[in-house]
Amino acid sequence: GAVVSQHPSWVICKSGTSVKIECRSLDFQATTMFWYRQFPKQSLMLMATSNEGSKATYEQGVEKDKFLINHASLTLSTLTVTSAHPEDSSFYICSAPIGTPETYEQYFGPGTRLTVT
Amino acid sequence: AQTVTQSQPEMSVQEAETVTLSCTYDTSESDYYLFWYKQPPSRQMILVIRQEAYKQQNATENRFSVNFQKAAKSFSLKISDSQLGDAAMYFCAYRTRDDKIIFGKGTRLHILP
């Protein structure tokens, strides 16, 4: 079946630095991908919609200058956390939709754990 | 805006027994998708079951079935013959017209041996 990968799976960075997380659709093309954030023992919260070839759209309350999203190709979206702070430590998950109305599904990446020290 | 509510933060069930997880949602749309996702300790999201709102028939996938009550905006998940591997966090989810997935807060399911 369709697979979505994320890299890295775990990253530690120092406060004030930037970190990039990649999301790839391995065997299908994704014109749209989604980025979620999940705090410990909480649900997934949608951060933004990544659109291939155009600007990402952000959910209310998400700082677009802090969470930079680039969807440069039909198989790759990147999330860059700029000037990271400890409160940005979280689990970041991407997803990509696929299928017909009968088989519609969103495939999720395995997630990236970000720890900011 | 659409909302998804799961009122049971945690549930426990004896192995081989049946358990039902509750979910209600709110929407003004007439056609939509609903999902149940499982998140085991690995945190990989796994699709359990999908329901299209225009379909009257409740979806089933092996030991997993749903009770979809469109008028009541209710979408519960029934797990039959519970197995130890079913222990996980379960999220009810709603797909919006622009493909966004809105998740409930989740129900942590414990399986008692």
Side-chain angles (χ1 to χ4, degrees), chain A residues 1-6 8-10 23 25-26 30-52 54 56-62 71 77 90-114, chain B residues 1-11 21 23-25 29-55 57 59 61 64 87-110:
Chain A
V3 176
V4 173
S5 70
Q6 282 184 241
S9 57
W10 192 8
C23 176
S25 56
L26 295 185
T31 56
T32 301
M33 291 183 175
F34 299 93
W35 286 96
Y36 294 85
R37 185 174 182 175
Q38 185 178 31
F39 288 110
K41 298 186 179 181
Q42 293 190 24
S43 185
L44 284 73
M45 286 191 60
L46 180 64
M47 298 175 65
T49 303
S50 174
N51 303 298
E52 189 269 334
S54 64
T57 55
Y58 291 81
E59 296 300 301
Q60 192 173 8
V62 177
H71 197 146
S77 173
S90 189
F91 195 68
Y92 293 87
I93 303 173
C94 68
S95 73
I98 190 173
T100 66
E102 289 295 316
T103 63
Y104 176 86
E105 186 172 342
Q106 280 214 19
Y107 284 89
F108 287 82
T112 296
R113 182 182 304 279
L114 170 63
Chain B
Q2 296 84 3
T3 59
V4 178
T5 302
Q6 293 178 250
S7 58
Q8 305 152 314
E10 285 193 68
M11 292 192 72
L21 279 56
C23 173
T24 58
Y25 61 94
E29 297 175 344
S30 58
D31 194 17
Y32 46 87
Y33 286 87
L34 294 165
F35 306 89
W36 279 97
Y37 281 93
K38 171 184 178 181
Q39 189 180 43
S42 69
R43 302 189 82 169
Q44 172 72 60
M45 298 293 285
I46 300 167
L47 177 66
V48 175
I49 200 163
R50 170 200 306 113
Q51 175 79 45
E52 292 102 81
Y54 67 87
K55 288 188 175 180
Q57 190 171 9
E61 286 287 341
F64 299 88
M89 196 75 171
Y90 286 82
F91 293 101
C92 179
Y94 176 102
R95 175 207 176 195
T96 69
R97 279 185 183 160
D98 48 3
D99 258 350
K100 298 176 183 179
I101 302 290
I102 308 298
F103 290 93
K105 291 191 174 184
T107 297
R108 181 165 300 282
L109 179 64
H110 303 278

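Naming convention: chains lettered A, B, ... in sequence-line order (proteins, then strands); numbering from 1 in each chain.
- Both the backbone and the side chain of A:Pro110 come within contact range of chain B, with heavy atoms under 4.5 Å apart.
- Nearest heavy-atom pair, B:Gly104 versus A:Ser43, reported as atom, atom and distance to 0.1 Å: O-OG, 2.6 Å.
- Between A:Phe34 and B:Asp99, the closest heavy-atom pair is CZ-O, 3.4 Å.
- Heavy atoms from other residues, nucleotides or ligands lying under 6.0 Å from CD of B:Gln57 number 12 at most.
- If you measure heavy-atom distances from B:Gln6 to chain A, you find no contacts under 4.5 Å at all.
- Contacts of A:Leu46 with chain B are made by side-chain atoms alone, with heavy-atom separations under 4.5 Å and no backbone atom involved.
- Only the side chain of B:Phe91 comes within contact range of chain A, judged by heavy atoms closer than 4.5 Å.
- Note that the OH atom of A:Tyr107 and the CG atom of B:Leu47 stand 8.0 Å from one another [nearest 0.5 Å].
- Here CD of B:Gln39 is found 7.0 Å from CZ of A:Phe91. Values are rounded to the nearest 0.5 Å.
- Of the inter-residue distances, the one linking A:Gln106 atom CD with B:Met45 atom CE reads 10.0 Å to the nearest 0.5 angstrom.
- Listed for the A:Glu105 side chain is no donor-acceptor partner under 3.5 Å among the backbone atoms of B:Arg50.
- Within a 6.0 Å radius of CE in A:Met45, other residues, nucleotides and ligands contribute 12 heavy atoms or fewer.
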*asked:* Could you walk me through whether B:Ile101 and A:Tyr36 satisfy the side chain to side chain contact (heavy atoms under 4.5 Å, CB included) test, starting with their C-alpha distance in whole Å, then the side-chain angles of each, then the deciding distance to 0.1 Å, before giving a yes or no?
replied: CA-CA 10 Å; B:Ile101 302 290; A:Tyr36 294 85; 3.2 Å; yes
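- A:Gly109 and B:Gln44 get closest at one heavy-atom pair: O-NE2, 3.6 Å.
- No hydrogens or angles considered: a donor-acceptor pair under 3.5 Å links the side chains of B:Arg43 and A:Gln38.
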